[in-house]
Structure formats: structure tokens, C-alpha cells
2 protein chains.
Amino acid sequence: MTRFRQAVRTLLRSEILDAAYQLVTDEGWAGLRVAPVARIAGCSRQTVYNEFGTNAKDAIGLALVEREAEHFLLGIQAQLDAHRASLEEAATAGVGFVLRRAVDNPLIRSVLTAARGGQDDELLAYLTTRPEPVFDTATTMLDAYAADAWPEVDAVSRSLAVETIVRLTVSHIVQPAADPEESARRIAVITTRIAYPGKA
Amino acid sequence: MTRFRQAVRTLLRSEILDAAYQLVTDEGWAGLRVAPVARIAGCSRQTVYNEFGTNAKDAIGLALVEREAEHFLLGIQAQLDAHRASLEEAATAGVGFVLRRAVDNPLIRSVLTAARGGQDDELLAYLTTRPEPVFDTATTMLDAYAADAWPEVDAVSRSLAVETIVRLTVSHIVQPAADPEESARRIAVITTRIAYPGKA
DNA sequence: CCAAGGTGTCAACGGCTTGAACAGCCCTGC
DNA sequence: GCAGGGCTGTTCAAGCCGTTGACACCTTGG
């Protein structure tokens, strides 16, 4: 109810996710247990279930991915703000930022390597077969940003461009091409052509 | 009991003290009311009393001063670490750091100006007539540090030097001389002579 | 003199954490 | 094959703690 209570809830979620993040990057998602998460977070096991409900492990995985995505989105916004004048430059900077950070992001590394080795692809699914959480957040933010920064692009073209840049970027995270910078430039060209169809 | 619970208590105290700090620097200690503190801290008035007990206002004032002192002590330690080789240089750096920061520290400024104007010297008393909380913390920390860094100074000389440097520094905070750097050098000389009585 | 506002306290309420216990499941090792 | 152990998901009672509203008391200013 009060702001302090909300702060406590936020703190609790944060502590639990921090603990889960650490355990996932150390030992992989498959080896994650609820009890160690609670121990490292400094609360009881039941508190984790109270906060994340039944199937706490899945909810933690989703929250982990969402938080990481939100983290990326903050960085992307900074990149876009620095290249607001040109859509293509902004796209290059934003995608380049994501691809560069993705290769040394502990969580993504852990998920990718684990999935390549065995069948531990539960978290990877949020980037492949069940990417709605990430896609929705990213497209919503980017669409709002694009509508504000490049109003000359009509709604349909904007929607097409945003969906394309999100899907291509995620694709390159999961299956990286040789050079992140080159990939970013290519994605930016594609996005720009979709946004400005007349500008042959 | 659990680490999370402790974190919640710490957070609560922190929020309350932040709110009080803001109100004191804005409107002075005399105008401080418990209700606004609770409102800004984001909790109920009763919670403030639960946390700080009867005479909550006094307890908050003490906690405010102690936290500020602790903040200074952290900075002092960094200065000492950077000049561990020479007691005089370390003393100059430490005292200089304190005197420089003191003149633009919002809390100290607010307390000093309010006390010079009216009779609102309740907080100032922690630096003048009732300085035990600050003195005790500072002397304890400095004595331990000195025993570790300059073991060649005997216990009696060390105790004398630590007490002197603390008292003189606080005196210069309340009643600043012309130049903080010059004051620091003078205090350092005095302290060094007390610590090494033979080294005429 | 009294109205207003701040203080310190209390009891009831409710949310939330905790610890304990239990059934179901999976895996390991005998 | 099977017994044992570890983990999961769930429930329950107990207790802590913040919140709320009310109250008596004091100080202050019109």
C-alpha cells in the first residue's frame, strides 16, 4: 500500500532474481534449485513461492529474462537518443549495441552454451519458440520511440520495420554472424528500406 | 532474523533518514515534524516511532549525525590509505578532506547557519557540548587504524594524538580558520609532534 | 481562553515471512 | 527391481511488523 511496502516487494524480487542470476550463470538453468535461491537471496524457501507463485522456477526464469531484456532496452534507448537525427544510424547503433553486449552477457552465454550442449533450452525458448515476452516489450517500446522520433514514417511501415528489426536482432543473438558491426549495418539497411519504401 | 529482514530494516531506516536529511537541509532542524518525515519516507507516522522509539525526533537527529560522521570516516580511511607511508602526510590529507567537505556539506551548513541565527543548536550540540557519539566513533576507528599503520607509536602517544586530531578537526569545522589546507597542515604538525615526542 | 496543530501511545487489523510438515516425483545406488 | 534420499509444490499455524484510527496531552497564537 505505502511506498515503503512497495519498495520492500521490489527489494525482495530483486534479491531473489540476483540470486537466481548468479546460480544460473554459475551452474546453468537445469541445475537451478529453489532452496539455494532462497538461501542466497536471504529469505525462506516459502517466501520465494509466495512471491513467484506455483511453478516458481518457471516464473523466476521468465522474470529473469524480462529483467535482462529491460536492461538491454535501457541501453538501446541511450543509443537511439544519440542518433536521433538518422533512422539508419540509430538502428545501426542500437542493434550493434545489443549484438556486442549479447556475446559477453553472462546470462545469454550460459543459456546458449547450455542449450548447444544438452537439451536445457527452457530459457532459450524465450528467444526462439516462445519469445512473446521479449518481443512484446521490445516492439512496444520501439514503436512508441519511433512514432515520436520519426513521425514521417507511417504507422504500417513503422510496425513492419519494428517487427523486422526485433526479429532479425534476436536471430543474430541466437545465431551470430561473423561480425556484429557488419550485422548491425545490414539490419539497419533492411529496416530503413522497410521504413522508407519510396526512397529507392 | 534472515538477511532479507535485516535488509528491510536497513532500508526503512535509510528511507526515514533520507527524508529527515532532506527536510532538515531545506527547512532546518527546528521546523522538522515527524509526520512529513513519514510521508516523504513513504511509511506511516507510527512506523517512525516504532523504529526510533520515544522521542523519535531526537533519535533521528542522533542517527542523522552518526550516519554523516560514518560517511566522513569512510572518506577519511581512503585518504589515510593513500598516505600510509607518512603519518604527517596522512593526517594532512585526512584533516584536509574533512575540512574541505565540511564547508559544503548540506547538513553541517544547515546546522551551523541555523545555530548562528537563532537558538536551534540541538544538532550542533553533537559537535560542541555533547559530541560523544561523533568523538567515540572517530577515535575508535582512528586508534585502530593508527595501531595498524604506525605501530612504532606507543599506545599512550597514539591515544593523545588521536584525541587531539579529532578535537582540533571538529573545532575547525565549527569555527573555521581562513584556509582549510593551512589548517590541515597545522593540525598535522601538532598531531605528529604528539605522536613522536622524541623527534624534535 | 480556546482553537489548532504536533506529540506520543494504544489496540485492532492485515499482510507477509517463517518454520514445520507432508505427499508426489525423479534419480541414484544397492 | 527397489529402497532411500533429495527436491518440489502445497498447506497450516505462529508470529513479526507496518498500517490505521483514535485518544490524551502539551504548546502556541489568535
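Keep in mind that this is a model prediction, so the values were computed, not measured. Throughout, a chain's letter reflects where its sequence line sits, starting with A, and its residues are numbered from 1. Side chains included, hydrogens not; waters and symmetry mates left out as well; all remaining heavy atoms used.
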Working for salt bridge (Lys or Arg N to Asp or Glu O under 4.0 Å), residues B:E15 and A:R3: CA-CA 10 Å; B:E15 298 277 5; A:R3 198 169 59 258; 5.9 Å; no
Phosphate OP1/OP2 of C:dC16: any A:R9 side-chain N/O under 4.0 Å: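 For C:dC16, OP1 or OP2 has a side-chain N or O of A:R9 closer than 4.0 Å.
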Short side-chain N/O contact from B:T2 to OP1 or OP2 of C:dT17, under 4.0 Å: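 B:T2 to C:dT17 OP1/OP2: no side-chain N or O under 4.0 Å.
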Interface with DNA chain D, restricted to residues 46-53 of chain B and to heavy atoms under 4.0 Å: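 Hits under 4.0 Å, by residue number: B:Q46, B:T47, B:N50.
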Out of C:dT7, C:dG19, C:dG15, whichever nucleotide has its closest atom nearest the side chain of B:R33: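 Ranking C:dT7, C:dG19, C:dG15 by closest atom to the B:R33 side chain puts C:dT7 first.
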Touch class at under 4.0 angstrom, heavy-atom based, for A:V8 against every strand present: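 If one applies the 4.0 Å heavy-atom cut-off, A:V8 turns out to touch nothing in the nucleic acid.
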Sugar-phosphate, base or nothing in reach of A:T54, heavy atoms under 4.0 Å: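 Sugar-phosphate, backbone atoms only, no base.
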Indicate whether the side chain of [X] and that of [Y] have a donor and an acceptor atom separated by less than 3.5 Å.
X	Y	value
B:Q22	B:D18	no
A:Y126	A:E66	no
A:N55	A:Y49	no
A:N50	A:T47	no
A:Y21	A:D26	no

Nucleotide interval of DNA chain D bounded by contacts with chain A (heavy-atom cut-off, under 4.0 Å):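 The contact span of chain A on DNA chain D goes from D:dC7 to D:dT19.
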Partner of B:I108 by side chain to side chain contact (heavy atoms under 4.5 Å, CB included), out of B:I173, B:V65, B:V103, B:V174: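 The option that passes is B:I173.
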NZ or CZ of A:R67 within 45° of A:F72 ring axis and under 6.0 Å: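 No cation-pi geometry.
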B:R101 to B:F97, cation-pi by 6.0 Å centre distance and 45° axis angle: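 So B:R101 doesn't make the cation-pi contact.
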Position toward the 5' end of DNA chain C (nearest nucleotide), A:G42 or B:K57: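 Closer to the 5' end of DNA chain C: B:K57.
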Nucleotide C:dT18, atom C1' - distance to CG of A:L12 in whole Å: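 It works out to 13 Å between those atoms.
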Side-chain donor/acceptor contact of B:R45 with base of C:dG6 under 3.5 Å: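 Not at all, since no donor on one side and acceptor on the other fall under 3.5 Å apart.
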